[in-house]
Amino acid sequence: MPAMRRPHARRRACVAVVVALLVLPTAAARAADRTVLAIGAHAGDAEVTTGAILARHKRLGDRVVMLHLTLGEGGNPKMSPAAYGEQKKREALAAAQALGAEVLFGPWKDGELRDSEEAARWVADAIRQVKPTHVITHWKASLHPDHEAAHRIVDAAVLLASLEGFESAHPRHRGVRGVYYADNWEDAEGFSPYLYVDVTEDLAAWKSAVTSYEFIRGGISSFPYLEYYEALARVRGAVAGKRFAVALEVDLFGKRRVLESLP
Ligand SMILES: [Zn+2]
């Protein structure tokens, strides 16, 4: 895995304001009125980190969608990017089917994702088409530049998608209730679990989906993906009082609570 570092771009103040206005989901949120959109830099990122949450929401009757910005086709030293990209796409389709998720693919190449206006506009148009109520993507700090770029692109795209002034083939979408950041081993710097989702009944579906990918079954990367994320779900579950849970982080402004009195 690349371990390049680059300074984090300062978040746009206007994006922070919009996030402050988003409403965190509550137990009162009705099932079946949600569309959860998970956006990952590479095919496999969304499934391995938050696939169990997607499986849970599918089971609750919600619509779940994944957007893979790149195929992550550069991750297999034994195969050409073209051949591995074909494999990753087949694996992504199988994983989506196992989760009951729709799947979309971005046009970018592995390692070439950039925080650009063009990328934000493309993702904003995808958001307008999918009309998510909840968006999950990468945390802001990562070992992988593609992950950091995805974080910034998605934050900008959620805002753009809501603006009347941004013209695209689809009408604006202002229905995003929350943007959440995934618990990813590559995106760990400064990640502090904020929200825990009980996935005890969904871990089997998650495992079935993620093992569609050869890199998760083992043999490509030395990183033990399956063991790590299953153990992580147990660790997050332990502190949440559940058997298995998946943790999410939110923007600092998303943690602001304004009450009439102490809860
Ligand atoms: Zn990745």
Side-chain angles (χ1 to χ4, degrees), residues 8-40 46 49-50 52-54 56-57 59-65 120 123-124 127 130-142 147-148 150-163 172-184 187-200 202 232-233 235-263:
H8 306 147
R10 196 167 168 77
R11 297 280 310 281
R12 296 175 180 82
C14 54
V15 173
V17 169
V18 166
V19 172
L21 298 174
L22 299 173
V23 178
L24 286 174
T26 67
R30 293 193 314 278
D33 70 349
R34 291 172 291 220
T35 294
V36 183
L37 172 62
I39 304 177
T49 57
T50 54
I53 293 176
L54 299 180
R56 177 173 185 80
H57 279 277
R59 194 162 54 77
L60 291 173
D62 295 321
R63 180 179 175 223
V64 294
V65 185
V123 174
I127 288 171
V130 173
K131 301 181 181 64
T133 54
H134 301 78
V135 175
I136 306 173
T137 191
H138 293 275
W139 177 236
K140 61 186 175 185
S142 179
H147 291 198
E148 291 191 346
H151 172 92
R152 293 193 294 271
I153 290 166
V154 172
D155 269 3
V158 169
L159 174 63
L160 260 188
S162 72
L163 299 177
R172 71 174 176 174
H173 175 62
R174 301 182 70 186
V176 177
R177 298 182 207 157
V179 179
Y180 301 90
Y181 305 112
D183 198 355
N184 186 316
D187 309 348
E189 184 186 326
F191 181 96
S192 180
Y194 179 73
L195 190 74
Y196 294 78
V197 180
D198 179 5
V199 296
T200 304
D202 306 284
L232 183 64
V235 167
R236 299 308 190 204
V239 298
K242 305 293 181 183
R243 177 68 182 155
F244 292 106
V246 171
L248 299 168
E249 173 67 294
V250 297
D251 190 275
L252 187 59
F253 287 88
K255 295 177 181 175
R256 179 175 294 167
R257 298 176 70 191
V258 180
L259 306 172
E260 296 298 321
S261 63
L262 294 174

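Between E148 and S142, the shortest heavy-atom contact is OE2-N, 2.9 Å. The nearest pair of heavy atoms linking I39 to V135 is CD1-CG1, 4.2 Å. Taking each heavy atom of R257 and P263 in turn, the nearest pair found is NH2-CB, 4.4 Å. Nearest heavy atom pair, residue W139 against residue E189, reads NE1-O, 2.9 Å.
Atoms CZ and CG, on R34 and L37 in that order, are 15.0 Å from each other to the nearest 0.5 Å. Here the OH atom belonging to Y180 is positioned 13.0 Å from the OG1 atom belonging to T50, to the nearest 0.5 angstrom. In this structure, NE2 in H147 is found 9.5 Å from OG1 in T137, a value given to the nearest 0.5 Å. Taken to the nearest 0.5 Å, the CG atom of D62 stands 7.0 Å off from the CG atom of D33.
Legend: residues meeting side-chain contact (heavy atoms from CB on, under 4.5 Å) with R172, ordered by chain and number and at least two apart, are R128, E164, R174. R59 is linked by a salt bridge (charged side-chain N to carboxylate O under 4.0 Å, His left out) to E201, D202, counting only residues two or more places apart in sequence or in another chain. Scored by the side-chain contact (heavy atoms from CB on, under 4.5 Å) test, L163 finds L159, L160, F166 as partners (sequence neighbours excluded). For D198, the side-chain contact (heavy atoms from CB on, under 4.5 Å) partners at least two apart in sequence or on another chain are T200, K242. Remark: H57 pairs with no residue by the ring-ring contact (aromatic ring centres under 6.0 Å, His included) rule, at least two apart or across chains. Qualifying side-chain contact (heavy atoms from CB on, under 4.5 Å) partners for A157, counting only residues two or more places apart in sequence or in other chains: V123, A124, I127.
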#### Entry: Y196 and D183: CA distance, side-chain angles, deciding distance, side-chain hydrogen bond (donor to acceptor under 3.5 Å, both in side chains) verdict
CA-CA 11 Å; Y196 294 78; D183 198 355; over 6 Å; no

#### Entry: Pair V250-L195, side chain to side chain contact (heavy atoms under 4.5 Å, CB included): steps then yes or no
CA-CA 8 Å; V250 297; L195 190 74; 5.5 Å; no

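Y181 has its side chain out of reach of L248: every pair of non-hydrogen atoms, C-beta onward, lies at least 4.5 Å apart. The shortest side-chain heavy-atom distance between V36 and I136 falls under the 4.5 Å cut-off. Inter-residue side-chain proximity for R56 and V246 is flagged as unmet; no heavy-atom pair is nearer than 4.5 Å. In this structure, the side chains of V154 and H138 stay at 4.5 Å or more apart for every pair of heavy atoms. Contact annotation: the side chain of V179 never approaches that of D251 to less than 4.5 Å [non-hydrogen atoms, C-beta and beyond]. With contacts defined as side-chain heavy-atom distances shorter than 4.5 Å, the pair R177/H134 qualifies.
Counting heavy atoms of neighbouring residues, nucleotides and ligands inside a 6.0 Å radius, atom CG of L262 does not exceed 12 of them.
A donor-acceptor distance shorter than 3.5 angstrom exists from the side chain of H173 to the backbone of P132, with no hydrogens or angles considered. E249 places a side-chain N or O within 3.5 Å of a backbone atom of S192 that can act as its donor or acceptor partner.
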